[in-house]
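Inspection log for the structure reproduced underneath, given as structure tokens.
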Protein chains: 2
Amino acid sequence: MNERREMTTRERILASAAAIIGEDGVTARLSVRAVAERAGVSTGSLRHHFPTQQELRDEVLRRVFDWMLPTSNIDDSTVPARDRLVACLRQVLVMTGTGPEARESMVRIMDSFVTAEQNESVRAAYLAVQSDSQRRMEEWLQVLAADVDLPEDDIPRRARFLGTVLNGLAMERALPTADSLAHVETEALFVAADAVLNPALPS
Amino acid sequence: MNERREMTTRERILASAAAIIGEDGVTARLSVRAVAERAGVSTGSLRHHFPTQQELRDEVLRRVFDWMLPTSNIDDSTVPARDRLVACLRQVLVMTGTGPEARESMVRIMDSFVTAEQNESVRAAYLAVQSDSQRRMEEWLQVLAADVDLPEDDIPRRARFLGTVLNGLAMERALPTADSLAHVETEALFVAADAVLNPALPS
DNA sequence: ACCTGAACACCGTTCAAGT
DNA sequence: ACCTGAACACCGTTCAAGT
């Protein structure tokens, strides 16, 4: 709505792209001509603001993620445990960014820990990060255990699993994506949260 | 090699498509005209055998995967469903290898899909691989649904989640590791399998 | 600097026409 | 049934030209 007045051309283009996604759903094609026509600008002008179509997609995606940013409070027992956990996990993912930023994050991780010579110091560096995030997730589960009645001694295993899921999602943020990444990611986080918060999960 | 003689048109088309992938790598574009020209047939003839380009890509990919992955016995109902699923997931992981081999796999994926210029063809190539493995996992869950009573319409979501977990595990194979990666990995696979095979998993 | 719109080189699909 | 090739409706990108 009101994509034409009192906005810069750039914003009008972004608003139109977002509107198309909003209407046609996540499978929207987001073609140059469709976006340009809707924004009331020429294809050339669109290209001037977004040199490639990918850059337009990245920016739209970045805003969508920013828009659904969480204010996570693990202690707030007025919201369901799974929602609190998902919010916390999402905040971890915020650090990896989206689009080009996510790819840079991943390349940096690769350079530091995979391509680099596998000596004791890089190993130690990675394990420090790893065990820190592991500890943090265990703390979250500990807090939630009050509401959900988790078996205490299974918390490390469940936290470890969450770490694996987050690694998978970070990787998928760097890889090429169907435009439905935000949706897919949210679903994965909820499936993981439900799995991990299920008291009856077999061991 | 010998794509022109003693083969049906259909096989010649598939061979040409496979040859293009073999030469240009998985990011090859596989356009109608390129495949048709190489196979020595018209675009119309190609369409006659493969009504859509997607069907051609799917068939080529299916053969490639079948060739490099023996199917484990998902049908063997004498073993528990979760064990069968874990066995299948493990077979996917076999492809990424371990140790230096796993690091090379990951670097190759990064080069092809993350570091590479993000254009339509690398995106399409990744999505083709992605959707093929997605389809494969949906098939597994479909088979297991007979024993575990899964809600049919939730299978895609669950399969997608398994994909994310496998991505996370593949990444962890490349990263430095604490001690028994095998142990941690097995636990993650079972948690994922139990989550996904739980009929009561909230949606 | 910002914008236009034609032009270019692609793409997948359709279809009347041949054998 | 199998095959041809032109035609159609797209796509993303480039660029000389305007303001």
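Each chain gets a letter, A, B and so on, in the order its sequence line appears, and its residues count up from 1. The figures here come from the full heavy-atom set of this structure, side chains too, leaving out hydrogens, waters and symmetry mates. Since we're looking at a predicted model, the values are computed, not measured.
Rounded to whole Å, the distance from CG on B:L46 to P on C:dG12 is 10 Å. Rounded to an integer number of Å, the gap from B:R29 CZ to D:dC11 C1' is 10 Å. Rounded to whole angstrom, the span from the CD atom of A:Q54 across to the P atom of D:dC11 amounts to 16 Å. Counting to the nearest Å, the P atom of D:dC2 and the CE atom of B:M7 are 17 Å from each other. Rounded to a whole Å, the CD atom of B:E37 is 13 Å from the P atom of D:dT4. In this structure, CD of B:Q53 is placed 12 Å from P of C:dT14, rounded to the nearest angstrom. Counting to the nearest Å, the P atom of D:dT13 and the CG atom of A:L56 are 10 Å from each other. Remark: C1' of D:dG18 and NE2 of A:H48 are 14 Å apart, rounded to the nearest angstrom.
Distances shown here put a side-chain N or O of B:T9 below 4.0 Å from the OP1 or OP2 atom of D:dC3. Close to D:dC11, at under 4.0 Å from its OP1 or OP2, lies a side-chain N or O of A:S31. The shortest distance between the side-chain N/O atoms of A:H49 and the OP1/OP2 oxygens of C:dC3 is below 4.0 Å.
Looking at heavy-atom distances under 4.0 Å, B:R10 makes no contact with the nucleic acid at all. At a threshold of 4.0 angstrom between heavy atoms, the contacts of A:T43 include nucleobase atoms, whether or not backbone atoms are also involved.
Among C:dT4, C:dT14, D:dG12, the nucleotide with an atom closest to any side-chain atom of A:V32 is D:dG12. Each of C:dC11, D:dG12, C:dC3 was ranked by its minimum atom distance to the side chain of A:S42; first place goes to C:dC3.
For B:R33 against C:dG12, a side-chain-to-base donor-acceptor contact under 3.5 Å is present.
Contact record, B:R136 with B:R62: NH2-O, 4.3 Å, taken as the closest heavy-atom pair. Heavy-atom minimum distance, B:M106 versus B:A174: CB-CB, 3.7 Å.
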Applying side chain to side chain donor-acceptor pair (under 3.5 Å), run through B:T186 and B:R90 and close with a yes or a no. CA-CA 9 Å; B:T186 299; B:R90 204 170 247 144; 2.6 Å; yes
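Put simply, the side chain of A:R160 reaches to within 4.5 Å of the side chain of B:V184, judged on heavy atoms. Looking at heavy atoms from C-beta onward, A:E172 lies in side-chain contact with A:L169 at the 4.5 angstrom threshold.
Across the strands present, D:dC15 finds its partner in C:dG5; the criterion is a Watson-Crick or G-U wobble pair with both atom distances under 3.5 angstrom.
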